[in-house]
Structure formats: C-alpha cells, structure tokens
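Comments concern the structure below.
All values below come from the heavy atoms of this structure, side chains included, with hydrogens, waters and symmetry mates left out.
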Protein chains: 2
Amino acid sequence: MPSKANNKNNSSQTERGLRELRSLIIAGHWPAGSKLREVPLAQSLNVSRTPLRSALLKLEQEGLVERAGAGYTVRSFSIEDAYVAIELRGVIEGTAARMAAEKPTQQQDLTSIKEVLVKIDAVIHNDAIDGYAELNDVFHQQLAELAGNDLLKNEIERASLLPFAAPSAFSSSKDDRSRFKTSLIVGQQHHHGLVQAIERGEGARADALAREHAQLGKANIEVAYQEHVGNIRRVPQLALITAELNT
Amino acid sequence: MPSKANNKNNSSQTERGLRELRSLIIAGHWPAGSKLREVPLAQSLNVSRTPLRSALLKLEQEGLVERAGAGYTVRSFSIEDAYVAIELRGVIEGTAARMAAEKPTQQQDLTSIKEVLVKIDAVIHNDAIDGYAELNDVFHQQLAELAGNDLLKNEIERASLLPFAAPSAFSSSKDDRSRFKTSLIVGQQHHHGLVQAIERGEGARADALAREHAQLGKANIEVAYQEHVGNIRRVPQLALITAELNT
DNA sequence: TAACAATATTATGTATACAATTTGGCGTTA
DNA sequence: TAACGCCAAATTGTATACATAATATTGTTA
C-alpha cells in the first residue's frame with residue numbers, strides 16, 4: 001500500500017501529542033507559569049507518558065515550556081520578549097540575505113522565489129489577502145534557502161518558531177483593514193528589494209531590508225497589543241504574553 | 001547530608017549519558033553520518049534506553065545528531081558550516097551588545113564585566129594564557145546578560161554550543177604561540193571596546209566590535225584547518241568536520 | 001542475471017511497573 | 001509563634017516488556 005507520508009512524522013503518538021500540546025499552549029490554555037503534570041496531561045491527550053515526555057523535550061527546545069525543578073512549566077513571555085524574538089529573526093534573516101547576496105548567485109537560483117513574488121503581487125492586487133500568510137511563509141522559506149547553508153536555514157526556522165515571531169504572525173488581523181493592507185504593500189516592497197539586492201550582490205542592502213522587514217512584525221504586535229491591552233488573551237499570538245515583565 | 005547540587009542536573013542517568021555521549025561525538029568517536037543504535041549505545045554508556053533517548057533528543061537540539069528515518073545519525077559538518085556558525089554567534093552577540101548599549105545602563109551593571117576585563121588583562125600580561133579560555137567564556141556570558149533579556153541570553157548560549165562555535169574554541173592552540181598571543185591581545189582590545197561602547201551608548205560600534213571579534217574565531221579555525229589539512233581529526237574542535245561539503 | 005516481492009529479522013516506538021526524588025504538611029522544639 | 005526537621009504523599013526518573021514499523025535477505029520470476 002503506497003502510504004505517501006512516513007508514519008513517524010505524522011501519525012505517531014509523539015507527533016500527535018506534540019501538535020495538540022503545542023496548540024493548547026499557544027492558545028493560552030494554561031496561564032503562564034503553570035506546572036504541567038505528566039500523568040493527567042498524558043490522559044487528556046490520550047498518549048502514554050513516554051511520547052508525552054518526548055513532546056515536552058521538543059517544546060522545551062521550541063521555547064514554549066521550561067524546566068522548573070522537577071517537571072515543566074508553561075513559559076511566560078513579556079512583550080519585550082516578543083520584540084526581541086522578532087528582532088532576532090530579522091537579524092538572522094538579514095545575515096542569510098547578506099550571505100546570499102555575497103555568494104555568486106545563478107539566475108536559476110532566483111526563479112522560484114521570483115515566482116512567489118509574482119503570486120504575492122497578485123494576491124495583494126486582488127485584495128485576496130487571506131492567501132497572503134501562506135505565500136509569505138513560502139517566501140521567507142525560500143529566502144532562508146538562498147544562502148545555501150542548512151545550518152543557517154535551521155536557525156531561521158528556529159527563530160520563527162515562537163507564535164509571535166513567525167513571519168506571518170498577525171498577518172490576518174481584521175481590526176484595521178486599511179492599516180493592514182498598507183503593511184502588506186510595504187512588506188512586499190521589501191520582498192522585491194530583497195530579491196533585487198541578492199541578484200545584484202548588494203549584501204548590506206539585503207541585510208538592512210530584512211531587518212527593516214522584521215520591524216513590520218513589531219509594528220503589528222504593537223498595534224495588537226495596544227488595541228487589546230488588558231484583554232490580550234483574545235489575540236491568538238499574544239495569548240501567552242503576560243502583561244508584566246518576567247524575571 | 002548537604003548535597004549542594006541538585007541531583008537532576010548532575011548525577012542522573014540522563015545527564016550522565018548526555019555528557020558522555022556528547023563528548024564521544026565531539027571527540028569524533030564515530031565518523032560523521034554514523035547511525036547510532038540505541039541498544040548497543042545504551043549498553044556501552046551503562047544507561048537504559050529511556051534516558052538515552054532523552055539525551056539524543058537533547059543532542060538533536062544541540063545540533064550534534066540528526067534524525068535519519070528511524071533513529072539518529074551523527075551530524076556531519078563542513079568547514080563552511082563552522083564559518084556560518086561563528087558568523088551567526090557574532091551576529092547574535094552583536095545584537096545583544098547593541099541592545100545593551102541602547103538601553104539605559106547603570107554604572108553598577110558594568111562592574112562585574114569590568115572585573116573580568118581586569119583579570120584577562122592580568123592573564124595576558126603574565127603570559128598565563130592557560131587561564132584565558134575560562135575567563136573569556138565568563139566575559140561572553142556577562143556580555144550576554146547585559147542586554148537584560150533571558151530569551152536573547154539563551155540564544156547566545158545556543159549559538160555557542162557547537163564545539164567550533166564557542167567563544168573559546170581553539171583558544172589553547174599551541175602550534176603558533178606568537179600568532180596566538182597576538183590574537184589574544186586583539187581580542188582583549190575588542191573586549192575593552194565593547195564595554196566602552198556599551199557604557200557610552202554607542203550601539204552600532206558595540207555591534208560591529210562583537211562581529212569583528214567573532215572573526216577571530218574564524219581566523220583561528222582557518223589556521224587550524226590549513227595546518228592539519230588531511231588530518232583534522234587531530235584537532236579536537238575539528239574532529240567532526242568532514243573535508244567535503246555535506247548535502 | 002536482474003528486479004521484484006514476500007518474509008524474517010532487527011530496529012525504534014509505546015506502555016507500564018517500579019525506583020528515586022521532590023514537595024508539602026505536620027509535629028516538635030527553641 | 002516561628003523555624004526546623006522529619007515523614008508521607010505525590011511526581012518525576014528509570015528500566016523493561018511488548019507493539020509496530022523499517023530494513024535486510026532470500027527466493028522466485030521475467
């Protein structure tokens with residue numbers, strides 16, 4: 001029987017538990033700092049303790065939970081943490097963009113990322129902004145690959161893991177449609193500039209554009225935060241941000 | 001009985017297995033790409049499969065092993081990977097230094113890092129360069145804390161995990177003592193400049209100095225690589241670097 | 001002889017019983 | 001009454017048996 005996907009990555013207990021636990025945490029199902037008890041957690045997720053512990057180790061690596069003596073607690077994030085995470089993603093993406101620009105690049109290396117650019121142009125032109133988030137993620141993924149180094153690509157993926165740090169975080173806000181469309185247009189301008197800079201070997205420009213591009217994410221989070229202050233649990237990506245600073 | 005350290009972090013099976021397995025891998029005990037079988041590995045490390053699997057998950061996070069279908073293989077690194085890892089550390093440390101400079105800094109925040117500076121000055125003046133590596137690590141740790149954000153501090157630590165990426169990698173080379181001492185003197189100049197830049201709020205300078213400081217690591221690795229080409233297994237930090245590019 | 005498929009073997013994935021440690025509470029004592 | 005230490009309960013750490021999936025091998029067929 002031709003089962004396309006290998007079992008390990010999709011339907012294993014570890015993977016199921018990881019996915020469900022991750023989305024529960026991101027959704028703010030537990031207040032920051034909550035202790036996660038293995039036995040009741042395993043029961044409610046319908047897995048045994050062994051795959052649950054694997055999932056917890058993975059989530060520790062992703063930064064969503066942290067050890068506290070024995071066992072794990074849900075990690076708490078301050079709004080400053082969110083800014084720092086976005087800043088870091090921008091800095092690392094900038095490094096990748098610079099390295100991509102500084103190495104000899106063939107025309108064919110840029111064909112697929114240019115196709116994504118065209119698609120995003122169309123999405124914005126048609127006001128079909130629902131499809132934007134996915135295409136934006138693809139663009140950033142392609143960008144990460146242009147430097148031609150797996151280690152760097154992995155670090156970019158890692159820097160995009162936290163829910164408020166991802167390139168497409170907050171890209172579906174419906175509160176202020178005109179501000180949001182402006183953000184899309186400016187962001188796409190950054191995208192075009194990035195590809196052009198890489199094509200021309202302009203490393204410093206590519207770096208600067210990637211960093212400035214990440215600033216859009218900060219602006220988005222800031223708006224979302226100001227609009228929902230005192231009620232941030234309503235915003236999916238802000239659910240696990242506590243108003244106070246964490247120690 | 002006053003056991004100072006908590007058991008979990010030092011004498012647990014997981015921790016023991018992790019430490020031993022890590023040092024075996026770093027020492028190049030297995031050729032890159034080797035499959036790590038759980039049962040024989042567990043036997044040779046005198047732990048059961050459960051803590052071994054925890055250790056493997058941790059090592060995957062550290063980047064030393066990677067999944068390959070079922071189970072893990074020893075990750076292979078190219079010399080370019082080493083350069084990228086150092087570059088990344090420099091970039092992230094640079095971001096931390098910049099943020100430290102850009103935030104209001106009290107005099108007292110800098111007292112402990114300045115003490116480290118004085119100690120390193122003494123070590124270099126006395127030619128007691130054996131103590132340099134440890135003090136250098138402390139300096140970089142203090143630097144990571146000056147930005148005042150745990151998330152950033154964690155990322156710096158992470159970027160310093162790979163054996164060739166650590167701040168003090170190659171800092172005990174005995175092949176070319178005079179070149180090495182030059183490297184120390186220049187590096188310490190960077191250290192002084194970094195603290196001064198942070199003190200004066202010169203963010204761009206702090207960033208640039210941290211990046212340039214990391215370049216010393218690249219230079220060291222390059223020398224070690226050139227000297228031992230075809231025989232890199234002799235150099236501890238280069239043991240798991242394959243001459244060829246990895247796919 | 002080469003390629004495919006069935007099967008046997010070996011590996012990892014999972015569940016659970018047990019051990020060791022942590023944690024909270026209670027009682028005693030200064 | 002507060003603090004210390006001890007004890008008990010609960011929780012995580014570890015080992016191992018079993019289930020399931022991956023891999024190698026062997027036989028058959030074109």
Apply side-chain contact (heavy atoms from CB on, under 4.5 Å) to Gln141(B) and list each qualifying residue two or more places apart in sequence or on a separate chain. Glu145(B)
Euclidean distance, atom OH of residue Tyr72(B) to atom C1' of dA22(D) [Å, nearest integer]: 16 Å
Can you tell if the side chain of Leu21(B) reaches within under 4.5 Å of the side chain of Leu64(B), non-hydrogen atoms only? no
From NZ of Lys35(A) across to C1' of dA10(D) the rounded distance in Å is 11 Å
Quickly work out the Arg16(B) CZ to dG13(D) P distance and round it to whole Å. 16 Å
Using heavy-atom distances to pick each residue's nearest nucleotide on DNA chain D, tell me which of Leu36(A) and Arg37(B) is more 5'. Leu36(A)
By side-chain contact (heavy atoms from CB on, under 4.5 Å), Ser23(B) pairs with (sequence neighbours left out) none
Between Thr50(A) and Ala68(A), which is nearer to the 5' end of DNA chain C once each is assigned its nearest nucleotide? Thr50(A)
Just the rounded figure in Å: distance from C1' of dT22(C) to CD of Glu38(A). 13 Å
For Gln13(A) and dG13(C), what is the distance between atoms CD and P respectively, to the nearest whole Å? 13 Å
Taking it one step at a time, do Leu45(B) and Leu24(B) satisfy side chain to side chain contact (heavy atoms under 4.5 Å, CB included)? CA-CA 11 Å; Leu45(B) 295 174; Leu24(B) 279 172; 4.2 Å; yes
Working for side chain to side chain contact (heavy atoms under 4.5 Å, CB included), residues Gln13(A) and Glu15(A): CA-CA 5 Å; Gln13(A) 304 293 76; Glu15(A) 205 60 27; over 6 Å; no
Could you list the donor-acceptor pairs under 3.5 angstrom formed between side-chain atoms of residues 87-98 of chain B and any protein atom two or more places apart in sequence or on another chain?
from     : atom 1 : to        : atom 2 : distance (Å)
Glu87(B) : OE1    : Gln215(B) : NE2    : 3.4
Glu87(B) : OE1    : Lys218(B) : NZ     : 2.6
Glu87(B) : OE2    : Arg98(A)  : NH1    : 3.4
Glu87(B) : OE2    : Arg98(A)  : NH2    : 2.9
Arg89(B) : NE     : Ala165(B) : O      : 2.5
Arg89(B) : NH1    : Glu93(B)  : OE1    : 3.1
Glu93(B) : OE2    : His140(B) : ND1    : 2.7
Thr95(B) : OG1    : Val91(B)  : O      : 2.9
Arg98(B) : NH1    : Glu87(A)  : OE2    : 3.4
Arg98(B) : NH2    : Glu87(A)  : OE2    : 2.9

Under the criterion side chain to side chain contact (heavy atoms under 4.5 Å, CB included), I'd like the reasoning laid out for Leu194(B) against Ile113(B): C-alpha separation, chi angles, the key distance, then a yes or no. CA-CA 11 Å; Leu194(B) 271 164; Ile113(B) 203 173; over 6 Å; no
Calculate the interatomic distance between Arg67(A) atom CZ and dT11(D) atom C1'; express it in whole Å. 12 Å
Would the number of heavy atoms belonging to other residues, nucleotides or ligands and lying under 6.0 Å from CD of Glu134(A) be above 12? no
Of all residues at least two apart in sequence or in a different chain, which pass the ring-ring contact (aromatic ring centres under 6.0 Å, His included) check with Phe139(A)? His191(A)
Those residues of residues 52-66 of chain A lying under 4.0 Å from DNA chain C by at least one heavy atom: none
Could one point to a donor on the side chain of Ser12(B) or the base of dT14(D) with an acceptor on the other under 3.5 Å away? no
So if I take residues 39-49 of chain B and measure heavy-atom distances to DNA chain C, which residues fall below 4.0 Å? Arg49(B)
